[in-house]
Amino acid sequence: MNQNRILSGIQPTGNLHLGNYLGAINNFVLLQKKFECFFMLADMHAITVNHDPDILRQNVLETASALIASGIDPDTNIIFVQSSVGAHAELAWIFNCIARIGWLNRMTQFKEKAGSNKEKASVGLYTYPVLMAADILMYKATHVPVGDDQKQHLELCRDIAIKFNNDFNAKDFFTMPEPIISEGISRVMSLRDGLKKMSKSEESDLSRINLTDDEDLIIKKIQKAKTDSEPIGPNIIAGTERPEARNLINIFSALTNKKVKEVVQEWEGKIFSDFKKELSALLIEKILPIGKEIKKFKSNKDFLIKILENGKMKANLVANKNLKEIKEIVGLA
Ligand code: TYM
C-alpha cells in the first residue's frame, strides 16, 4: 500500500480563479515533491450541470495548462482526464449502492448548487459526491488536498470507505483518506460579498480574480472590491462584522506567507485604498506570469494531449487493478 499518494481534482469549467489557486493548486505544487500525485480534470463532474460539449473539451485543455503553468511538473506527476478512466464510473455505481440517501441529503453543496428548485437538478448533481469518493478511493489515495468547500464531500468519502470495509468484511481494504486543507486560507471569498465563496459560477466577473486576468483587470477588480469605511484594525480578526476586509487581509497573508495577525499589525490604522494598491501589486506579481504561461501552453495542443494520454495510461493501470479487486470483493467478478 502506498502511504503517500495524493489524488485531487478540479472541474474543467473554465475561469480558474484565485480561490482554486490559493485553496488547492498552490498546495498541489508544494506537495508534488513529497507525494506520488494524481491530478484529475473532473470532466464527468462538469456535466452534472448544463454545458456546451465543445467548450468542455476546450476547458479540459485550459485546465491542464493552468496546472502546468502553476508549476506542476507533468513529467513526475500524473495529470489525467476523469472520463478517460472508465473505472471511475463503474466504481461510482458500486458506491451508489453503499452510500445512504440520508448521507447525501446532508450535502450542503448540493443544496447551494440546486438552489430553490431541487426537483429540476440532475440526478448526477445529487450523487456527485459519490463519484468524488470513487475518484479518491479508486487510487487508495492517502491524502486529498482541497479547499474547505470540499471537506464535507471528503467526510462522505470516508463514510463510504468505512461502510464498504464493514459490509464486505474487508478490513482495511480502503484506507481513510486525509484531507489537506490550507491553514491560512481554506476559503477565498467573493470580492463583492465576503460571505460567499469566490466561484466560477458567480455572475459578476468582478467577484473573482481569474488566473488569466491582465494587469488592468486585476487593479480594477481590487479597487472595486467591497470593503468598509473603517481603517484596518484588530477587529477584522476578532469579530465577524467585517468579512470583506477579512478576506482581503487573508489573501494578502497567503500571498506574502505572513500570518494574518502580522498583516493587520503592519497595516493598522491605514485606510484600505493604500492596502489595495499593495495587494494589486502582489497579485500581479503572482498571477500574471501564470496567466502568460497558461496562454502559452494552451496554444500547444499536441503537448497537452500527449501529457493527458500519458496520464490516461498510468491512471488506468492503477484504477483497473484496484477495480478488479473491488469487483471480486463485491461479487461482481
Ligand atoms: P472545484 O472544481 O469546484 O474546485 C477545485 C479546487 O479548488 C478549491 N476551491 C476553493 N478553495 C478556496 N476558496 C475558494 N473560493 C475555492 N473555490 C474552489 C476546491 O475546494 C477544490 O479543491 N468536486 C471537486 C472536484 C473533484 C475532486 C475529486 C476534488 C472531483 N473529484 C476528488 C478532490 C478529490 C470540485 O468541484 O472542485
Side-chain angles (χ1 to χ4, degrees), residues 5-29 31 37-49 51 56 59-60 62-63 66-67 70 72 80-83 85 88-89 91-92 95 107-110 112-113 124-158 160-161 177-202 207-211 243 247 250-251 254 315 319:
R5 180 178 282 170
I6 273 182
L7 179 125
S8 197
I10 294 202
Q11 287 195 58
T13 37
N15 276 356
L16 285 193
H17 52 71
L18 191 67
N20 299 125
Y21 183 76
L22 293 177
I25 301 173
N26 194 32
N27 254 348
F28 299 173
V29 175
L31 295 163
C37 296
F38 289 76
F39 297 121
M40 184 191 76
L41 310 174
D43 59 345
M44 283 155 64
H45 278 104
I47 65 167
T48 55
V49 292
H51 72 284
L56 177 59
N59 284 342
V60 166
E62 167 146 358
T63 309
L67 291 180
S70 303
I72 288 168
F80 72 102
V81 182
Q82 187 180 32
S83 65
V85 184
H88 289 239
L91 186 56
F95 285 170
M107 296 295 115
T108 50
Q109 198 170 86
F110 173 75
E112 279 162 27
K113 285 199 175 171
L125 190 66
Y126 183 66
T127 61
Y128 168 121
V130 176
L131 176 60
M132 190 165 150
D135 300 334
I136 297 166
L137 298 175
M138 185 89 260
Y139 300 89
K140 299 193 176 177
T142 53
H143 296 83
V144 186
V146 278
D148 181 68
D149 61 325
Q150 299 297 322
K151 207 170 153 193
Q152 198 185 28
H153 293 161
L154 251 291
E155 281 156 16
L156 183 106
C157 171
R158 292 165 64 98
I160 291 177
E178 292 291 336
I180 300 182
I181 297 180
S182 298
E183 262 175 41
I185 193 149
S186 56
R187 193 177 278 248
V188 180
M189 308 311 273
S190 154
L191 300 177
R192 311 297 292 164
D193 178 349
L195 297 175
K196 265 199 208 162
K197 73 168 182 180
M198 185 176 283
S199 137
K200 335 178 192 200
S201 50
E202 187 169 340
S207 69
R208 61 186 160 258
I209 303 284
N210 302 308
L211 297 186
N247 187 37
N250 281 349
I251 296 173

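The figures that follow rest on heavy atoms only: side chains count, while hydrogens, waters and symmetry mates do not. Read the numbers this way: they start at 1 and go in the same order the structure lists the ligands and their atoms. Here, residue 1 is the first one in the sequence, and each next residue gets the next number.
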request  = For ligand 1, note which part of K200 has a heavy atom under 4.0 Å away: side chain, backbone, both or neither.
outcome  = side chain

task = Could you tell me whether M40 and ligand 1 have an N or O pair separated by under 3.5 Å?
result = no

note = Of all protein heavy atoms, the one nearest atom 33 (C) of ligand 1 is G9 N, 3.4 Å

note = Any heavy atom of I136 under 4.0 Å from ligand 1? The part involved is side chain

Atoms of ligand 1 close to L7 [distance to a heavy atom under 4.0 angstrom, numbered from 1] = 32 (C), 34 (C)

inquiry  = For ligand 1, which is the ligand I care about here, please tell me if K197 has any N or O atom under 3.5 Å from one of the ligand's N or O atoms.
reply    = no

remark   = Here the atoms of ligand 1 under 4.0 Å from any heavy atom belonging to R187 are 12 (C), 13 (N)

message = Suppose we measure from atom 13 (N) of ligand 1 to each protein heavy atom; which comes out shortest, and what is that distance?
response = V188 N, 2.8 Å

inquiry  = Please classify the H17 to ligand 1 contact at 4.0 Å (heavy-atom distances, strictly less than): side chain, backbone, both or neither.
reply    = side chain

message = I need the single residue from I6, V146, V144 that forms a side chain to side chain contact (heavy atoms under 4.5 Å, CB included) with I136. Which is it?
response = V144

key: Full working for ring pair (Phe, Tyr, Trp, His ring centres under 6.0 Å) between H88 and Y139   = CA-CA 10 Å; H88 289 239; Y139 300 89; 5.5 Å; yes

query = Is it the side chain, the backbone, both or neither of D135 that has a heavy atom closer than 4.0 Å to ligand 1?
reply = side chain

ask   = What residues form a salt bridge (Lys or Arg N to Asp or Glu O under 4.0 Å) with D43, not counting sequence neighbours?
value = none

note = heavy-atom search around atom 20 (O) of ligand 1 in the protein gives D149 OD1, 2.4 Å

message = Suppose we measure from atom 28 (C) of ligand 1 to each protein heavy atom; which comes out shortest, and what is that distance?
response = M132 CG, 3.4 Å

note = For atom 11 (N) of ligand 1, the closest protein heavy atom turns out to be G19 O, 3.2 Å

ask   = Between Q11 and ligand 1, which residue portion shows a heavy-atom distance shorter than 4.0 Å: side chain, backbone, both, or neither?
value = both

ask   = At under 4.0 Å between heavy atoms, which part of S199 makes contact with ligand 1: side chain, backbone, both or neither?
value = neither

ask   = Tell me, which protein residue and heavy-atom name are nearest atom 22 (O) of ligand 1, and how many Å apart are they?
value = G147 N, 3.1 Å

remark   = The answer for which part of I25 has a heavy atom under 4.0 Å from ligand 1 is neither

message = For atom 5 (C) of ligand 1, what is the closest protein heavy atom, and at what distance to 0.1 Å?
response = N20 ND2, 3.5 Å

message = Please work out, at 4.0 Å between heavy atoms, whether the side chain, the backbone, both, or neither of M189 comes within that distance of ligand 1.
response = neither

note = Y128 heavy atoms within 4.0 Å reach ligand 1 at atoms 23 (N), 24 (C), 35 (C), 36 (O)

ask   = In a check of side chain to side chain contact (heavy atoms under 4.5 Å, CB included) between L191 and each of M198, E202, R208, which one passes?
value = M198

request  = Flag Q109 as yes when one of its N or O atoms lies below 3.5 Å from any N or O atom of ligand 1, and as no otherwise.
outcome  = no

request  = For the pair F110 and Y126, name the ring-plane relationship: parallel under 30°, tilted 30 to 60°, perpendicular over 60°.
outcome  = perpendicular

